[in-house]
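One structure, pasted below without further comment.
A, B, ... follow the sequence lines: proteins, then strands. Residue 1 opens every chain.
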Amino acid sequence: MEKRSSNRNRKEKSDFFERVYRVAAMIPFGRVTSYGAIAKYLGAGRSSRMVGWAMNNSHRAFAAGEKETIFIPAHRVVNRNGILTGKHHFGNSTTMQQLLENEGAIIENDRILNFSEIFWNPSKEL
DNA sequence: AAGTTGACGTAAC
DNA sequence: TGTTACGCCAACT
């Protein structure tokens with residue numbers, strides 16, 4: 001029995017993060033999803049926070065076994081309200097919004113108006 | 001080493 | 001309908 005919790009046992013990186021990266025990378029162009037949706041797809045349930053954390057580390061994300069960094073379209077991942085909660089992590093607060101608008105999303109006041117239209121559910125469509 | 005925080009979400013009040 | 005509390009697990013201090 002090995003300790004899989006506590007103390008970063010990054011022996012092979014957490015399965016969670018690994019999956020999060022993959023799912024996030026699968027988000028189609030012009031579509032968006034939520035942290036919860038990804039967490040749910042992973043069977044994480046409520047651990048949607050980890051998804052966000054994974055994104056935070058996505059800048060140095062490595063897939064298990066892969067030696068190349070994966071581009072994580074973090075701008076396509078928003079909270080369940082369709083609000084760009086992580087916009088502040090893109091360096092410039094406008095970057096995330098601009099990227100999404102460039103993909104056809106309609107954003108106003110940091111919120112995706114057509115969120116329900118472009119929402120991409122991994123559990124459903126994957 | 002232990003406690004706190006964190007790109008969230010759901011339930012309860 | 002807005003706010004408060006809690007859970008989840010890893011990273012950070």
Who are the side chain to side chain contact (heavy atoms under 4.5 Å, CB included) partners of A:Asn109, not counting sequence neighbours?
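Listed in chain order: nothing, the list is empty.
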Let me spell it out: for each of A:Ser34 and A:Met50, pick the nucleotide of DNA chain B with the closest heavy atom. Which residue's pick is nearer the 5' end?
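Between the two, 5'-proximity favours A:Met50.
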Output the distance between atom CE (A:Met55) and atom OG1 (A:Thr85), rounded to the nearest 0.5 Å.
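One finds 11.0 Å between CE of A:Met55 and OG1 of A:Thr85.
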When you measure from every atom of DNA chain B, which of residues 78-88 of chain A have a heavy atom less than 4.0 Å away?
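DNA chain B contact set from residues 78-88 of chain A: A:Asn79, A:Arg80, A:Thr85, A:Gly86.
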In whole angstroms, how far is the P atom of C:dC8 from the CD1 atom of A:Ile38?
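One finds 20 Å between P of C:dC8 and CD1 of A:Ile38, rounded.
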Can you tell me how far C1' in B:dA7 sits from the matching atom in C:dG2, rounded to whole Å?
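The answer is 23 Å between these two C1' atoms.
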Distance check needed: C:dC9 P versus A:Phe17 CZ, whole Å only.
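It works out to 12 Å between those atoms.
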Round to a whole Å and report the spacing from CZ of A:Arg19 to P of C:dC9.
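These atoms are roughly 13 Å apart.
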Selection residues 75-94 of chain A - residue pairs positive for salt bridge (charged side-chain N to carboxylate O under 4.0 Å, His left out), sequence neighbours left out
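Every pair satisfying salt bridge (charged side-chain N to carboxylate O under 4.0 Å, His left out) with a residue in residues 75-94 of chain A: A:Arg76-A:Glu103, A:Lys87-A:Asp110.
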A side-chain contact here means heavy atoms from C-beta on lying under 4.5 Å apart; do A:Leu84 and A:Gln97 qualify?
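In contact.
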Please name the pair of heavy atoms, one in A:Phe119 and one in A:Thr33, separated by the smallest distance, quoted to 0.1 Å.
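Here A:Phe119 and A:Thr33 meet closest at CE1-CA, 3.7 Å.
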Closest heavy-atom pair and its distance - A:Asn57, A:Tyr21
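A:Asn57 and A:Tyr21 have their closest heavy atoms at CB-OH, 3.6 Å.
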Rounded to the nearest 0.5 Å, how far apart are CG of A:Asn102 and CZ of A:Phe29?
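Separation between the atoms: 5.5 Å.
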Please confirm whether any donor atom in the side chain of A:Ser48 sits under 3.5 Å from an acceptor in the base of B:dC8, or the reverse.
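Looking at the base of B:dC8, it does pair with a donor or acceptor on the side chain of A:Ser48 (distance under 3.5 Å).
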Enumerate all atom pairs, one protein N or O and one N or O from nucleotides 1-5 of chain B, separated by less than 3.5 Å.
none

In chain order, what residues pass the side chain to side chain contact (heavy atoms under 4.5 Å, CB included) check against A:Arg31, with sequence neighbours excluded?
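Per chain and number, A:Arg31 pairs via side chain to side chain contact (heavy atoms under 4.5 Å, CB included) with A:Ile27, A:Pro28, A:Ile118, A:Trp120, A:Glu125.
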Nearest whole Å is fine: how far is C:dA10 P from A:Tyr21 OH?
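After rounding, the reported distance stands at 12 Å.
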Could you measure between the two P atoms, the one in B:dC8 and the one in C:dT1, and give it in whole Å?
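To the nearest whole Å, 24 Å.
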Distance (rounded to the nearest 0.5 Å) between A:Asn92 CG and A:Gln98 CD
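Here the rounded value is 10.0 Å.
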Inter-residue atom distance A:Ser47.OG - A:Ile38.CD1, 0.5 Å rounding:
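Answer rounded to 0.5 Å: 11.5 Å.
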Over how many whole Å does the gap from A:Asn56 atom CG to B:dC8 atom C1' extend?
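About 14 Å, once rounded to whole Å.
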Quick one: CE on A:Met96 to NE2 on A:His89, what's the gap to the nearest 0.5 Å?
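If we round to the nearest 0.5 Å, A:Met96:CE and A:His89:NE2 are 10.0 Å apart.
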Find the distance A:Met55:CE to C:dA11:C1' and express it as a whole number of Å.
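Value for this atom pair: 16 Å.
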Is there a residue in residues 97-109 of chain A whose heavy atoms reach under 4.0 Å of DNA chain B, and which residues are they?
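When residues 97-109 of chain A is checked for heavy atoms under 4.0 Å from DNA chain B, there are no hits whatsoever.
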Whole-Å gap separating P (B:dG6) and NE2 (A:His89):
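For the pair A:His89 NE2 and B:dG6 P, the rounded distance is 9 Å.
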